[in-house]
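Data block below; observations after.
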Amino acid sequence: MRRGIAPVVGARVRALRFPRSRRIKPLTITPGRRAFQRRVVGRRIEAIDRLGKRIILVLNGSDRVVFEPRMTGLALLTDPPTTEHLRARFELAGAEPSELLLWDRRGLGTLRLLDPDEFAEVTGRIGPDALDLPRGEVRARLGGRRRPIKVALLDQALLAGVGNIYASELLHMARVHPTRPCDALSAREWTAVERALQRVLADAIRYEGSTLNDGTYRTALNEEGGYQNHHRVYGREGRACPRCKGRHTVERIVLAQRATFFCARCQA
DNA sequence: CATATGTCCTGAGAGC
DNA sequence: TGCTCTCAGGACATAT
């Protein structure tokens, strides 16, 4: 998502609109819309960063726009899937394309304008980015806990950036069962988890994300991602495990209210 | 402090 | 066919 909207770096925000539909509840936008617009219009987008699952527009001056897409939020440079769920339109000068759109079908996402203190509060509350960790840091941060490894991987206060799809995927790649308590993993298993985490996230980014059957996720150019074609277990309940082939089928359980997929044979 | 649960939201799909 | 119900899951508030 961040890479997709990178072309608008350097642009100046000419106008900012928050379209609203009578039928759809508005997105959480802080501060209020009026103050938000006043502080953003006229600013330049100096950089677009990412921290975990958050997209960060760094403006000249000291403010940052932080977009949390959560389940169904998108950042787009082209026409959105529907006009009804368009949440914000940044009209730009000095960049091509000339608009940055934020779209969110379910509206669970948030859009915040933060000063440096507020931004520091956010970065202090969530863990380091999962793709920017020194070796051994995954174990250092998750190890010694009694929670199941998959639940800990989803806790953004420990590591930021692993979501439900990729938690199942990386544990299958690492051959670690999702319910295993963190404090039961061996050093070898932690190494496998750490390697699989890097690998799965890097591949998912390379294939531009996972567009599931509901078709919600789109790239910045409103195209499908490709990583769903590489899923090993997610959403594949009852199908053959790609690792042990016909010997076992993928199982689905619920952990911390989230669908969890694994192969009981390969992930002991 | 660590962990568990409830809540928000809309649309797709199942089941009748 | 059209209705109701369940489910998807990210982060945070609240409870244990």
Side-chain angles (χ1 to χ4, degrees), chain A residues 1-2 18-30 50-56 66-75 80-88 102-112 114 118-119 121-130 140-171 178-185 201 204 209-218 224-225 227-228 231 233-238 250 252-262:
Chain A
M1 193 176 278
R2 187 198 69 80
F18 299 116
R20 296 177 68 162
S21 155
R22 198 174 310 138
R23 198 173 67 81
I24 303 296
K25 294 215 170 175
L27 204 64
T28 300
I29 295 179
T30 52
R50 179 189 62 78
L51 179 58
K53 305 172 192 172
R54 293 158 166 86
I55 297 285
I56 301 157
V66 177
F67 176 52
E68 273 186 40
R70 302 209 187 169
M71 279 303 298
T72 54
L74 299 177
T82 66
T83 53
E84 191 172 42
H85 302 91
L86 182 63
R87 309 300 183 143
L102 303 182
W103 181 93
D104 190 342
R105 187 214 283 157
R106 284 168 61 183
L108 295 178
T110 64
L111 184 61
R112 286 178 291 172
L114 304 180
E118 292 164 332
F119 184 70
E121 196 270 321
V122 170
T123 59
R125 187 154 36 83
I126 64 179
D129 190 273
R141 299 191 65 90
L142 309 195
R145 297 167 190 277
R146 283 152 58 183
R147 305 159 93 185
I149 174 74
K150 196 226 174 201
V151 176
L153 283 167
L154 292 178
D155 187 340
Q156 304 297 299
L158 303 177
L159 293 182
V162 179
N164 196 50
I165 294 172
Y166 302 132
S168 281
E169 289 297 306
L170 78 89
L171 287 173
T179 63
R180 292 277 304 288
C182 288
D183 61 8
L185 266 64
L201 293 184
S210 301
T211 300
L212 302 181
N213 291 334
D214 66 3
T216 297
Y217 173 73
R218 314 294 292 177
E224 282 194 5
Y227 195 66
Q228 68 281 1
H231 288 176
V233 289
Y234 185 85
R236 301 176 61 84
E237 182 185 17
V250 175
R252 177 189 188 275
I253 59 173
V254 173
L255 278 183
Q257 283 103 266
R258 313 220 184 282
T260 302
F261 300 88
F262 66 101

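All values below come from the heavy atoms of this structure, side chains included, with hydrogens, waters and symmetry mates left out.
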Among residues 146-168 of chain A, which ones have heavy-atom contacts with DNA chain B below 4.0 Å?
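Contacting residues: A:Arg146, A:Arg147.
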
Whole-Å distance separating the [atom1] atom of [X] from the [atom2] atom of [N]:
X        : N      : atom1 : atom2 : result
A:Leu142 : B:dT3  : CG    : P     : 10 Å
A:Tyr217 : C:dG10 : OH    : C1'   : 16 Å
A:Met71  : C:dC7  : CE    : P     : 15 Å
A:Asp104 : B:dG11 : CG    : C1'   : 13 Å
A:Gln257 : C:dC7  : CD    : P     : 12 Å
A:Leu27  : C:dG10 : CG    : P     : 17 Å
A:Lys25  : B:dT10 : NZ    : C1'   : 11 Å
A:Arg87  : B:dC9  : CZ    : P     : 11 Å

Quick one: does [X]'s side chain have a donor or acceptor within less than 3.5 Å of a partner on [Y]'s backbone?
X        : Y        : answer
A:Glu84  : A:Ile24  : no
A:Thr211 : A:Arg218 : no
A:Asp129 : A:Gly161 : no

Measure from the ring center of A:Tyr227 to the ring center of A:Tyr166 and say whether it is less than 6.0 Å.
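Here the rings of A:Tyr166 and A:Tyr227 have centres that are less than 6.0 Å from each other.
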
A:Arg112 and salt bridge (Lys or Arg N to Asp or Glu O under 4.0 Å): which single residue from A:Glu68, A:Glu118, A:Glu121 fits?
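Among A:Glu68, A:Glu118, A:Glu121, the one meeting salt bridge (Lys or Arg N to Asp or Glu O under 4.0 Å) with A:Arg112 is A:Glu68.
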
A:Arg106 or A:Ala256: which one's nearest nucleotide on DNA chain B is closer to the 5' end?
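Nearest-nucleotide comparison on DNA chain B picks A:Ala256.
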
[N] phosphate, OP1 or OP2, under 4.0 Å from [X] side-chain N/O:
X       : N      : result
A:Lys53 : C:dA11 : yes
A:His85 : B:dG11 : yes
A:Arg23 : B:dG11 : yes

Taking only nitrogen or oxygen atoms into account, show me every contact under 3.5 Å that the protein makes with nucleotides 12-16 of chain C, one pair per line with its distance.
{"from": "C:dC12", "atom 1": "OP1", "to": "A:Arg54", "atom 2": "NH2", "distance (Å)": "3.2"}
{"from": "C:dC12", "atom 1": "OP1", "to": "A:Arg125", "atom 2": "NH1", "distance (Å)": "2.9"}
{"from": "C:dC12", "atom 1": "OP2", "to": "A:Arg125", "atom 2": "NH1", "distance (Å)": "3.4"}

Please give the angle, rounded to 10 degrees, between the axes at the start and the end of the helix from B:dA2-C:dT16 to B:dC16-C:dG2, where five pairs define each axis.
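Its terminal axes enclose an angle near 50°.
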
Test item: A:Arg70 and A:Thr110 side chains (from C-beta on) under 4.5 Å apart, heavy atoms
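The answer is yes, as the side chains (C-beta and beyond) meet within the 4.5 Å cut-off.
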
With rounding to the nearest 0.5 angstrom, report the CD1 to CG distance, A:Ile149 to A:Leu154.
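These two atoms lie 10.0 Å from each other.
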
Which residues share a side-chain hydrogen bond (donor to acceptor under 3.5 Å, both in side chains) with A:Arg105, sequence neighbours left out:
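Listed in chain order: A:Thr216.
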
For A:Leu111 and A:Ala88, which heavy atoms make the closest approach, and how far apart are they?
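That would be CD2-CB, 4.2 Å.
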
Could you check whether A:Ile24 gets within reach of a base, just the sugar-phosphate, or nothing at all, counting any heavy atom under 4.0 Å?
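Result for A:Ile24 = sugar-phosphate.
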
Remember a base hit wins even if backbone is also touched, and classify A:Ala259 as base, sugar-phosphate or nothing at under 4.0 Å, heavy atoms.
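Touches sugar-phosphate only.
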
Residues in side chain to side chain contact (heavy atoms under 4.5 Å, CB included) contact with A:Pro178, at least two apart in sequence or another chain:
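Counting only residues at least two positions away or on another chain, A:Pro178 forms a side chain to side chain contact (heavy atoms under 4.5 Å, CB included) with A:Lys150, A:Leu171, A:Leu255, A:Thr260, A:Phe262, A:Gln267.
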
Can you tell which of B:dC9, B:dT3, B:dG6 lies closest to the side chain of A:Arg145?
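Shortest atom-to-atom distance from the side chain points to B:dT3.
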
For residues 154-165 of chain A, pull every pair meeting salt bridge (charged side-chain N to carboxylate O under 4.0 Å, His left out), keeping only residues two or more places apart or in separate chains.
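As it turns out, the salt bridge (charged side-chain N to carboxylate O under 4.0 Å, His left out) pairs with a partner in residues 154-165 of chain A, which skip direct neighbours, are A:Arg147-A:Asp155.
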
Pick one: which of A:Thr72, A:Thr82, A:Thr83 meets side-chain hydrogen bond (donor to acceptor under 3.5 Å, both in side chains) with A:Trp103?
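Of the listed residues A:Thr72, A:Thr82, A:Thr83, the side-chain hydrogen bond (donor to acceptor under 3.5 Å, both in side chains) partner of A:Trp103 is A:Thr82.
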
